[in-house]
Enquirer: 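Quick one: the structure is below, and I'll ask about it shortly.
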Amino acid sequence: MNIQGISPVAGVLGRRGLQALLVAALVGTLSFFLMRMLPGDAAYRIAAGRYGYDLVSAAAAEAVRVELGLDQPWYLALVGWWAQLAEFDLGTSLVTGHAIADDIAHQLGHTLLLAFCAMALSLLIGPALGILAGLRPGGAIDRITLLGATVLRAFPPFVLGILLILGLSVHLGYLPAAGHGEATSVVLPALTLALGLAAGSCRIARDAFSQVVNSPYYAFGRTKGLSDRQVLLRHGLRNAAVPIVAYLGMQMVFIIEGVVILETLFAWPGIGHALIHAIFWRDVPMIQGCVLVFALLFVTLNTLVDLACLALDPRRRH
Amino acid sequence: MRGRHNPSRRRFTTQLALGGLAAGLGLPRPVIAHPNGDHAHDPLPATNQIPGVLSIVGPWELTGLDPSRAGFMFSRMEIAETLFDAADDGSPLPGLAARWTQSADGREWLLQLRPQARFHDGSPVSAADVVHALNLARTKPGILGLVPIERIDAHQDQVRIRLKHAFTALPAALAHSSTQILAPASYDPDGVVRGVIGSGPFRLTHLQPPQRFEVERFAGWDGPPPAIERATYLAVGRGETRALMAESGQADLVFGLDPASLQRLQGHPTLQVESVVIPRTIYLKLNAGHRWLTDPRARQAISLALQRSGIAHAVLRERSLAASQLFPPTLDDWHVPALPPLHHDLAQARQLLRELGWHTDAQGMLFRSDGAQTEVFSLNLRTFPDRPELPIVATAVQEQLRQLGIRVTVSLGNSSDIPAGHRDGSLELALGARNFAVAPDPLLTLMQDFGPSGGDWGAMGWHDPALDATLDALQRTRDASARQHLRTQAAQILHQALPVIPVAWYRHSAALHPRVNSAGLDPLERSYRLSRMQWSR
Amino acid sequence: MNPASESSLPAALSIQPKPVRAYFGSRSVGAALLVLVAAFALFGPTLSGSDPVAQDLENFLAAPDAANPLGTDHLGRSMLARLAHAAQLSLWLALLSVASALIPGAALGILAAWRGGWVERVSVVIADSVLALPGLLLVLLLATFAPGAFWPLYLGLSLSFWVEYFRVVRARSHILLASPQIESARLLGFGPLYIVRRHLWPELAPMLGTLMSFSAATAVLAMAALGFVGVGIRPPTPELGVMMIELLPYYQEAPWLIAAPIGLLTLTVLGLALVGRDRSSMQ
Amino acid sequence: MSLAFQVDELQVRAGHNVLIDALSLSLKAGEALTLLGESGAGKSLLAQAIMGNLPSGLRASGQVRVGQHTSPAGEGAKRRPLWGRQIGLLPQEPWLALDPTMRVRDQVAETHALVTAVRWPEARTRAAHDLDAIGLAHARDHYPHQISGGMAQRVAFAAVHAGAAPLLIVDEPTKGLDAALRDDVVALLQQTLAEGGAVLTITHDVAVARALGGSIAVMQQGQIVEQGDAASVLNAPAHAYTRALLAAEPARWPDRPPTQIGQCLIQGRKLGKRFGHRLLFEQLDIHIHAGERLAIQGGSGSGKTTLGNILLGLIAPDHGEVLRAPGLPRQGLQKLYQDPAAAFAPRLSLGQALRDLIRLHRLDGRELGPLLTRLRLSPSLLERLPGQVSGGELQRIALARLLLLKPAVIFADEPTSRLDPLTQQETLTLLADTAETHGCALVLVTHDPDIATRLTSTQLQMP
């Protein structure tokens, strides 16, 4: 149906695909220079990571240097770097010596679980409250959610996380404070993230919904003779969902950033946790792998949001 | 564990929820269950702990499987054993080796293994397996490099170690976790560890590096069966998260608590806090080759500027941890009570520096004019946050040296920055915490740190032949009183020359859930003593 | 379509649901909060009179008193002085990174919309690749180059912020440049400078104002978050995130200490959010 | 004939402000009643009062009877069950009243299914029939953004019609539609009447009233000033306002005498332009002479504005060329916009905008005063922002702004399509007058053939 002959889905995929390539190039380049510009002796850092700092010695560092070929000239390293990246080979961790792809594949599951739970929770909380608030703008629910959302947004996620641990875990013992392995472990970090997300989506939902309710087509639905419930279901929800889903794309940044910070706080073994560790140890291939996977994850999620928007809103398809 | 809900708790739920928020916001927690209590603590909440599974939380992550990398974790969880074990005072105890003999010249050791010892794959531990493991360990960085080994081989059913010269600390070296004995099936043909098959009372069942692994009681263990059937270890990087996990009752045994959290947990009505002073000392490593620090008077001045008791009081929360000398009193053999304690005397410190030509400017900072050019006394101090108290101590040291007139910048980096700086000569000051019992005999550590070329974690640009001679004699001498004399001598040399400046001693602590009875903490940090723990009920 | 023009009600009587923000008077409350924080940051150091790094190890965790109105921290340093310095640092970072993102971002956005062609395509490609990297990740990557330094934070934040300004300005400028008001201005003979000054800027400014307050809040929070995970500004420089993480263990012993940086951070972000919220739903 | 609808003594107030006063109307089944009046006369408010969905803050009193149901005007909720079933309301600007995310067939079908309680498959079949019947068979599965304004008007009609309410209220049905589409709508309304429905139409378009017949009520400032059957009101208006309203109909405007035509200023040769795959025009030749009045006519989307922009040099044609008379300065061509508010910087006061222009071209600022007087503009208006003056005034200020530059050609792009008839007449007359006074050519884009013929001497009909 499209005039230009390119289907909108292909358009989204193409644009996002290009974006993914660009970001991979950006991250790869930055990582390479990072590797080259590391202050101090990389071999020493790696040795300390491997053997513990009590055992780091010149001999250990020398062993690492030879093993990893850190003494080769930079142009060879650059070529190798790019060749590896192009083959989706993320290399091996400077610290553990594991294949990074394996490590990340394992961590990605945890990160996705956390992100998914957070998103699901936030969609349960945010839009529901937003719709209640939007049905009666200026009403009690509207004012309470506005206050709640504003204050919640002003709270750094890690502070919120600590408060939730103190409240729900230390004082009440409902949930494990941190860690993983138990089914309930995901609840606290997901809830922390979800509250922040819901604070945003709640207001967006409220605005979207009050806009829909005040729209001519909503009024037309009513004057056509539909009941309030029928208008809400047939003309309210889908139209209000369009900006909410579009906003979800903007919330992806919040999710990714939140995951990085909260995984560290909650000892959740995802990529965010791994990234902070890798930064700490200057494990550049690992940093590159983590950032790359995050960026690609981010692009992928945004692609899904784009496609969802296309599905929801026919205007975008033409 | 939902059934364990305190019936009265539900009533307080809402108040507590507010209380939790209030506490987090820094508001005093409302006193609820303790009408008279000034420090209102709730009893430990019923958590989702799994019955029968002991959960241990610590800061250390598994960075690999090789004994040289993460062997200490497998030792602490009693998965893998070393040939020797150590008593709390560091003296050798039998490990995998049940008995041992050494030749008259001390150059040949014969070790007899425990006959019933089995690896977790069911195979018996043979002398050949031990030789295989040790020879692999020798190729990797670790303590074995310090030992003058000539050859290791199997002699009938015994392990024979041939030394180049007598070496008294051999049992200590063979108690170090990097000399762990793993079953041959643990290694691939290249000698890379692919699985951890040890011979300890616990067997690794689940490995999820770098954060988590699980063990269970090994049925084939030849000693008394432990009471704990299963245990998990979880690495949690953040100190405050660890403390909160202890507080919430989620973990049974929590290590690596920062002093402030420790203080808080000690007030907890049900949690037990165990602590023990360990042979670890926080000290300033300095580059004695640096032109400002070569003169012992400069190092003396820095030492005199340190307000150790203040640091111990405010940061470590225990005044007695202020170091009066390098070796803490727990190191019975090395601590010399007669040494004049290190103390704080700013006036004397200034006097010493004046003798070296330093003057103070209007801001009280030191400078020295050398005819044409003027130099300002400023130094870079490297430290790292792996141990939560180090950055705080560094901040305190920074300020105390500023009082003296030395401008110190703190670089908070990676622990490896210190050995790296040592090696390339760029290091000026460093704050670290050195465990003198990495191997149970501090002699090994001293050899590493204060040998002729200094050590990554020890002296830099400083060398004393008298100390070399003393340490060398200690390696060879077996006579107890002669050894004691030599140790005192070494301690005195270090105390006077100050190649490193001690700041504080170290306390090792853990929070313990009331459902377990501890077997006490290991002052050598070698073991969590899992096999000796009991359930309370 | 312009429904208002045909409204059957006299303008003065237009009946709309009362805007919710009226209940909070949000913009003025936000501005007041920011003025308070800024005044504290500016004058706090002078008022407290103490050195933010001077320690008194014998008087640590002291409760607030006349000498130390906010008490002393775990090294016996004046909390008031430290907090004021931390506020100064956070506000500086926010101001600096927002300003250095705004100027090139907005300029490039206008240029891309105006010139179109390869200028636009290239700048969109650059923006897209930066956009695929959440800001915090960029900051983390750069912070690895120089841990504990100020510049990676500043550079990373500016680098991730400019895209937002660029995108918004470009999109809005595209619409405006095609609008009758600018077409007529061109027909009337006005030059680019006039069009930017009188037509583009007044339309862009309120939106940019909102965006600026948002990115300033993001900057303040990001700095604290990085401090929290140990990649931010290094001690002993007072910084809110680092202070929080340092003081958290004392939450029971000296709750006022941890409350102070959290409270200040929350007030700052709240102030920025309230000032910006006017148009928040526009995005 | 049964009474379809009646209001008695209807009053609508906002606080103490009376917006509609003592209004009584009645309408029998099968008849049409048209309410004529200018914007702001309270016409739309009347529709809302009858439906019972006045904005909060407005209070109604009096009685409303719809079919057999009588209820106090103030208790709107009582009439809610009648919506769709007893009263149908054809919305203003139906392209906004259709749900943008739903196919048009479903929007018609839902009335069948949910209002007249037909099962869904049957409702869809009926909806398809309804759409076929109004010539929209090809657009059944389109979304509202894919159809034109006129089609949207018909879809909305079908959606309302499906409820088979005996009373149809139509609010400004021709707003924003060109003449051809207006006739379409009128035809649909006439069909409803023929089917026995009662139609209450609210409009300022006299042509609609004339076409529907029945009776007419003329409203001014919330009150009915004249009421009667269509023929008598339209042919023998009694009230001055009615007379003015009728006189403002373009068809009744006096013809303007032709002007002196000078040299050719702009010549378009063999112009061609496509928009996507759609051909707007090709091989089009056009000349504009000094002093000429030219109308470009055509339905919406026929490329009138595009042609104008090509002549102005704002966009390039795909084929052909535009030649300008030598010596014609760049500012010699000026444009008057459909929406005058969009042609001003909204945050810049009108006076400042004019002063900027005077300074830019070093004009004589003293000319402004007389110019404003001639355009019947108070100088005090210049202190305001564009959004603070009425559409008619703003269009005249826009005209004043152009005239300062003494242009040779004024290109007026539907300059009054958003104004009510009286203002439209006033504005267009002034435009033509001043163009004549200043001796500039006027190119007027309009979809109203009456305006074109009355105002201009040459007409160009777009294909």
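Excluded from the calculations below are hydrogen atoms, water molecules and symmetry mates; all remaining heavy atoms, backbone and side chain alike, are included. Sequence lines set the chain letters: A, B, ... in the order given, protein chains first and strands last, and positions in each chain run from 1.
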Enquirer: Working to the nearest 0.5 angstrom, can you tell me the gap between A:Thr223 OG1 and D:Asn53 CG?
Expert: 7.5 Å
Enquirer: Using a 4.5 Å cut-off on heavy atoms from C-beta on, say whether the side chain of D:Met102 contacts that of A:Arg234.
Expert: yes
Enquirer: With rounding to the nearest 0.5 angstrom, report the OG1 to CG distance, D:Thr101 to A:Asp313.
Expert: 7.0 Å
Enquirer: Within the structure provided, determine whether A:His235 and D:Glu110 are in side-chain contact (heavy-atom separation under 4.5 Å).
Expert: yes
Enquirer: Do you know the tightest heavy-atom contact between A:Gly225 and D:Arg85?
Expert: O-NH1, 3.0 Å
Enquirer: So which part of D:Ala156 gets closer than 4.5 Å to some heavy atom of chain A, the side chain, the backbone, both or neither?
Expert: both
Enquirer: Name the option with the most non-hydrogen atom pairs under 4.5 Å to chain A; the candidates are D:Ala159, D:Pro81, D:Ala162, D:Pro144.
Expert: D:Ala159
Enquirer: Which region of D:Gln107, side chain (C-beta onward) or backbone (N, CA, C, O), has a non-hydrogen atom less than 4.5 Å from a non-hydrogen atom of chain A, or is it both or neither?
Expert: both
Enquirer: With side chains defined as the heavy atoms from C-beta onward, is the minimum distance between D:Leu98 and A:Tyr217 less than 4.5 Å?
Expert: no
Enquirer: Looking only at non-hydrogen atoms, find the nearest pair between A:Arg222 and D:Trp83 and report the distance.
Expert: O-CE3, 3.2 Å
Enquirer: Top residue by heavy-atom pair count (under 4.5 Å) with chain A, among D:Ala97, D:Gly88, D:Gly84?
Expert: D:Ala97
Enquirer: Provide the closest heavy-atom pair for A:Pro314 versus D:His145 in the form atom of the first, atom of the second, distance.
Expert: O-CE1, 3.4 Å
Enquirer: Who among D:Pro100, D:Pro91, D:Ala165, D:Gly163 has the most heavy-atom pairs with chain A under 4.5 Å?
Expert: D:Pro100
Enquirer: Would you mind checking which part of A:Ser227 comes under 4.5 Å of any heavy atom in chain D, side chain (CB onward), backbone (N, CA, C, O), both or neither?
Expert: backbone
Enquirer: Please step through side chain to side chain contact (heavy atoms under 4.5 Å, CB included) for the pair A:Gln230 and D:Val115, ending with a clear verdict.
Expert: CA-CA 11 Å; A:Gln230 286 166 337; D:Val115 180; over 6 Å; no
Enquirer: Around D:Arg59, counting heavy atoms of other residues, nucleotides and ligands shown, do more than 12 lie under 6.0 Å from its CZ?
Expert: no
Enquirer: For atom NE2 of D:His129, is the number of surrounding heavy atoms from other residues, nucleotides or ligands below 6.0 Å larger than 12?
Expert: no
Enquirer: Out of D:Leu89, D:Leu90, D:Val160, which one pairs with A:Phe220 under the side-chain contact (heavy atoms from CB on, under 4.5 Å) rule?
Expert: D:Val160
Enquirer: How many angstroms lie between atom CG of A:Leu226 and atom OG1 of D:Thr111, to the nearest 0.5 angstrom?
Expert: 7.0 Å
Enquirer: With a 3.5 Å distance limit and no angle check, can you tell me whether A:Lys224 reaches the backbone of D:Leu114 through a side-chain donor-acceptor pair?
Expert: no
